[in-house]
Amino acid sequence: LQLGPATVLGSSIGGFSAARLAIRRPEVVRALVLVDHGGFGEYSLGVRLFCRVMGTPALLRMIYPAFARTYMRASSTHDREVLRAAQQLRGLPERAEVVAGLWRSFPGPDHNLEAWAPTITAPTLIVWGSRDPVIPIAAGRRAAELIPGARFVSMDTGHVPYSSDPAGFLSHVLPFLATVPTG
């Protein structure tokens with residue numbers, strides 16, 4: 001892609017992708033906002049086994065609707081709409097194959113960015129839902145320790161703070177973005 005300097009916001013696997021972009025193509029990332037993301041640490045045996053189960057499309061289609069209820073911790077109207085869309089995965093085998101592929105990739109060696117985190121030069125804000133049952137808050141704090149100058153904030157939400165508390169999310173993100181130089 002022929003990207004110019006841009007602010008990149010990524011949540012969950014999108015946060016991993018945004019961080020990887022900032023590592024591989026620092027000239028295109030003006031600022032980085034990471035939300036409840038993975039990619040900064042080793043996974044325990046239990047997590048690796050869970051990823052293997054979720055990486056099997058047939059099992060994912062059975063488990064994901066209940067799992068989505070757990071990680072969403074739906075507390076807003078928008079959360080409930082997102083949850084309904086996630087629960088439709090059961091009837092969408094093509095989408096389940098893609099999501100299962102993502103789960104299979106999580107415990108892979110290319111998914112740990114710890115060694116490269118110190119090379120991230122873009123101003124970085126990490127926002128975390130303190131009640132995230134999928135990726136513990138310690139993972140967000142660890143990423144903030146590894147990325148030079150990163151700011152860390154937690155919110156009283158589950159895995160999707162921007163959906164659960166949009167105003168609270170923006171109260172952190174907009175002031176951060178106002179500090180990022182443009183041009």
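The first residue in the sequence is number 1, and the count goes up from there.
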The reported gap from CZ in R24 to CG in L113 (rounded to nearest 0.5 angstrom) is 8.5 Å
Heavy-atom pair with the smallest gap, counting every atom of F16 and D110: CZ-O, 3.6 Å
Which distance, rounded to the nearest 0.5 Å, do you find between the CZ of R95 and the CZ of R61? 12.0 Å
Are T119 and P26 packed together at the side-chain level, in the sense that at least one heavy-atom pair is separated by less than 4.5 angstrom? no
Side chain T124, main chain I120, donor-acceptor under 3.5 Å: no
Under the rule for salt bridge (Lys or Arg N to Asp or Glu O under 4.0 Å), what residues qualify as partners of R131, not counting sequence neighbours? D156
Would L21 and V8 count as a side chain to side chain contact (heavy atoms under 4.5 Å, CB included) here? Give the steps. CA-CA 9 Å; L21 177 66; V8 181; 4.2 Å; yes
Side chain to side chain contact (heavy atoms under 4.5 Å, CB included) for F152 and I137? Distances and angles first, verdict last. CA-CA 10 Å; F152 178 85; I137 195 168; 3.6 Å; yes
Could you give the distance from SG (C51) to NE2 (H111), rounded to the nearest 0.5 Å? 8.0 Å
Taking C-beta and beyond as the side chain, do L125 and V153 meet within less than 4.5 Å on heavy atoms? yes
For the residue pair S12 and H159, confirm or rule out a side-chain donor-acceptor distance under 3.5 Å. yes
Mind checking whether L34 and V127 have side chains closer than 4.5 Å, heavy atoms only? no
Evaluate the side-chain proximity of T56 to M62: yes if any heavy-atom separation is below 4.5 Å, no if none is. no
Should F106 and F50 count as side-chain neighbours, where that means a heavy-atom distance under 4.5 Å? no
Going from OG on S154 to NE2 on H172, what distance comes out if it is rounded to the nearest 0.5 angstrom? 7.5 Å
Straight-line distance of L174 CG to T179 OG1, nearest 0.5 Å: 11.0 Å
State, with a plain yes or no, whether a side-chain heavy atom of W116 is found less than 4.5 Å away from one of R20. no
Please give the remaining members of the hydrophobic cluster of L45, linking ILVMFWY side chains under 4.5 Å, ordered by chain and number. L49
Determine whether W128 and P161 make a side-chain contact, defined as any pair of heavy atoms from C-beta on separated by less than 4.5 Å. no
Side chains of M54 and R104: does their closest heavy-atom pair fall under 4.5 Å? no
Please say yes or no: joined through hydrophobic side-chain contacts below 4.5 Å, possibly via intermediate residues, are V98 and L60 part of one cluster? no
Rounded to the nearest 0.5 angstrom, the CZ-CD1 distance for F40 and I126 is 7.0 Å
How close do A22 and L32 get, heavy atom to heavy atom, and via which atoms? CB-CD2, 3.8 Å
Pairs touching residues 134-146 that satisfy side chain to side chain donor-acceptor pair (under 3.5 Å), sequence neighbours left out: E114-R142
Would you confirm whether S164, through its side chain, and G158, through its main-chain N or O, come within 3.5 Å as a donor-acceptor pair? no
For G129 versus D36, what's the shortest heavy-atom pair and its separation? N-OD1, 2.9 Å
Could you pull out the closest heavy-atom pair between R30 and A122, with the gap in Å? O-CB, 3.9 Å
Test item: side-chain donor near acceptor, R80 and S163, under 3.5 Å: no
Minimum heavy-atom distance A139-I135, with the two atoms named: CB-CG2, 3.6 Å
Decide whether T157 and D165 meet the rule of one side-chain donor and one side-chain acceptor closer than 3.5 Å. no
Please report the closest heavy-atom contact between V180 and P123, naming both atoms and the distance. CG2-CB, 4.4 Å
